[in-house]
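Presented below is the structure to which this report refers.
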Amino acid sequence: MRIEEMFKTGKPVLSFEIFPPKRNRELEEIDDTLKVLCELEPDFISVTFGAGGSGISSRTVELAKKIRRDYHVEPLVHLTCLNYTKQEICEILNELEAAGLENILALRGDRNPDVEPKQDFQYASDLVKFIREYGGFHISGACYPEGHTEAKNRIQDIRNLKHKVDEGVTHLVSQLFFDNEFFYGFQEKARIAGIDVPIEAGIMPVINKAQIERMVSLCGASLPAKFQRIMSKYENRKEALFDAGMAYAVSQIVELLANDVDGIHIFTMNNPKVAKRICTEIRNLI
Ligand code: FAD
């Protein structure tokens with residue numbers, strides 16, 4: 001099923017994000033996680049893709065095939081373009097088409113100072129255009145409630161996003177954020193700019209202080225004072241931090257759902273306990 005169709009039921013969409021196991025690990029190692037995630041009946045599961053520079057990330061496609069074949073859940077395949085040629089992207093599209101995988105999250109990928117970009121694609125919108133011209137795929141895109149770190153300013157960022165949507169994106173997934181006001185403000189600006197596609201809110205449940213600090217330093221999300229207080233208070237008590245992190249994520253989700261968000265995308269970090277806990281808390285809300 002194409003992801004854009006899932007938003008036509010009138011119910012908020014629920015999705016999970018996972019990453020493939022490392023190359024030296026068996027793909028089957030993720031089965032325990034997938035079993036739990038799929039029992040929670042998400043509308044789809046997205047699978048991350050390496051930014052490139054060291055060969056094509058075929059693990060993503062393998063895992064997406066597995067999710068569809070063994071668990072009968074729709075996968076959304078992330079695909080980055082900055083470090084790939086058109087020929088390489090075309091080969092991946094051929095493989096996805098042959099496997100009947102029709103949903104792609106088209107991304108630029110982060111710049112790696114040690115890797116010279118391939119020059120065929122500069123922005124995600126170039127990839128979106130390429131996939132649209134190839135034909136036959138639903139295309140999702142990424143968006144940034146607090147603005148993308150490289151954007152000149154938020155107005156330009158929204159204009160660039162509008163261009164990406166006009167090239168063929170029919171669903172957006174947001175970067176993580178810890179203050180819903182950023183999401184509401186961004187959503188309002190996007191709608192005013194004529195971006196009418198469904199926007200899913202990306203939620204990152206926190207279970208590890210160091211990990212979250214590293215992540216926000218990379219993606220530019222801000223940490224509200226109330227959130228920092230919770231992390232500081234419980235950072236050395238694993239179980240307490242888990243409870244507090246889940247409660248924070250659930251309170252964000254409850255408020256987003258009450259404000260008629262199009263969907264919730266949970267960055268599970270391959271941790272089935274996180275997804276299970278959150279879904280239990282919100283099961284009567286979706
Ligand atoms: P773009 O949409 O191209 O935007 C990048 C920057 O370029 C923005 O600042 C934008 O304003 C600017 N821009 C766009 N078009 C133009 C233009 N025409 N002229 C001038 N400036 C322009 N990375 C991975 O490597 N693998 C993953 O699996 C992955 N999954 C992700 C999932 C989600 C939900 C999100 C939010 C991000 C994910 N990322 C992933 C990270 C992503 O690759 C980075 O954030 C990257 O820096 C930008 O990607 P993009 O597709 O948003 O790029």
Side-chain angles (χ1 to χ4, degrees), residues 3 13 15-21 44-61 63-64 75-84 89 92 103-115 117-131 139-169 171-178 182-183 186 189-190 193 195 197-204 214-221 262-270:
I3 283 174
V13 162
S15 58
F16 299 144
E17 180 169 309
I18 59 170
F19 50 84
F44 67 89
I45 296 183
S46 83
V47 186
T48 65
F49 191 90
S54 57
I56 288 178
S57 186
S58 59
R59 277 260 149 146
T60 300
V61 181
L63 181 52
L76 170 64
V77 178
H78 295 208
L79 182 59
T80 63
C81 61
L82 198 61
N83 297 322
Y84 295 100
I89 294 291
I92 298 172
N103 295 301
I104 300 177
L105 175 56
L107 297 153
R108 189 197 68 181
D110 280 325
R111 293 186 192 285
N112 177 344
D114 301 327
V115 179
K118 288 277 172 62
Q119 308 297 342
D120 278 8
F121 301 94
Q122 270 206 61
Y123 300 109
S125 54
D126 302 329
L127 177 63
V128 173
K129 181 167 182 267
F130 188 80
I131 300 172
I139 313 172
S140 301
C143 62
Y144 301 83
E146 297 183 59
H148 184 262
T149 45
E150 292 166 38
K152 259 202 288 182
N153 54 56
R154 297 217 187 139
I155 296 172
Q156 198 53 49
D157 206 30
I158 294 268
R159 284 193 184 131
N160 295 335
L161 183 63
K162 170 80 167 89
H163 174 63
K164 184 159 72 174
V165 169
D166 289 346
E167 285 291 5
V169 163
H171 157 236
L172 292 166
V173 187
S174 93
Q175 182 58 282
L176 59 90
F177 56 92
F178 297 101
F182 285 119
F183 183 83
F186 159 77
K189 289 185 199 82
I195 297 170
V197 301
I199 306 176
E200 264 194 286
I203 296 293
M204 170 69 78
R214 185 168 40 81
M215 212 165 269
V216 298
S217 76
L218 290 174
C219 77
D262 294 316
I264 301 288
H265 184 73
I266 301 176
F267 301 106
T268 69
M269 303 303 289
N270 290 13

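Counting convention: from 1, in listed order, for ligands and their atoms alike.
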Next on the checklist: Heavy atoms only, cut-off 4.0 Å: how does R111 contact ligand 1, side chain, backbone, both, or neither?
Outcome noted: neither

Checklist outcome for this item: Any heavy atom of H78 under 4.0 Å from ligand 1? The part involved is side chain

Checklist entry - Under 4.0 angstrom from atom 15 (N) of ligand 1, is there any protein heavy atom? => result yes

Checklist entry - Cut-off 3.5 Å, side chains only: do H78 and T48 have a donor facing an acceptor? => result no

Checklist entry - Just which atoms of ligand 1 are under 4.0 Å from any heavy atom in T80? => result 24 (C), 25 (O), 26 (N)

Checklist entry - Can you list the ligand 1 atoms lying under 4.0 Å from a non-hydrogen atom of G109? => result 43 (O), 46 (C), 47 (O), 49 (O)

Checklist entry - Nearest to atom 11 (O) of ligand 1 by heavy atom, V169, V47, L176, D157: which? => result D157

Next on the checklist: Can you classify the ring geometry of F44 versus H171 as parallel (below 30°), tilted (30 to 60°) or perpendicular (above 60°)?
Outcome noted: perpendicular

Checklist outcome for this item: Interatomic distance, CG@L172 vs CZ@F186, rounded to 0.5 Å, equals 6.5 Å

Checklist entry - Do L107 and L127 come within less than 4.5 Å of each other through their side chains, counting heavy atoms only? => result no

Next on the checklist: I need the atoms of ligand 1 closer than 4.0 Å to a non-hydrogen atom of T48, numbered in the order shown.
Outcome noted: 28 (O)

Next on the checklist: Please work out, at 4.0 Å between heavy atoms, whether the side chain, the backbone, both, or neither of N160 comes within that distance of ligand 1.
Outcome noted: side chain

Checklist outcome for this item: Out of Y123, Y144, F49, the nearest non-hydrogen contact to atom 18 (N) of ligand 1 is supplied by Y123

Checklist entry - Does the N or O separation between K164 and ligand 1 drop below 3.5 Å for any pair? => result yes

Next on the checklist: I'd like to check which ligand 1 atoms, numbered from 1 as shown, lie under 4.0 Å from a non-hydrogen atom of A142.
Outcome noted: 35 (C), 36 (C), 52 (O)

Checklist entry - Within the structure, does R108 bring an N/O atom to less than 3.5 angstrom of an N/O atom in ligand 1? => result yes

Item to check | Sub-3.5 Å N/O-N/O distance, H148 and ligand 1 | outcome: yes

Checklist entry - What atoms of ligand 1 come closer than 4.0 angstrom to any heavy atom of A124? => result 1 (P), 2 (O), 3 (O), 51 (O), 53 (O)

Checklist entry - Applying a strict 4.0 Å limit to heavy atoms, is F19 in contact with ligand 1? => result no

Checklist entry - Heavy atoms only: which of V173, L127, D110 is nearest to atom 41 (C) of ligand 1? => result D110

Checklist entry - How many angstroms lie between CD in Q156 and CD in E150, if you round to the nearest 0.5 Å? => result 13.5 Å

Checklist entry - Under a heavy-atom criterion of less than 4.0 Å, does G202 contact ligand 1? => result no

Checklist entry - At under 4.0 Å between heavy atoms, which part of L107 makes contact with ligand 1: side chain, backbone, both or neither? => result both

Next on the checklist: Heavy-atom contact check, 4.0 Å cutoff: does H163 meet ligand 1?
Outcome noted: no

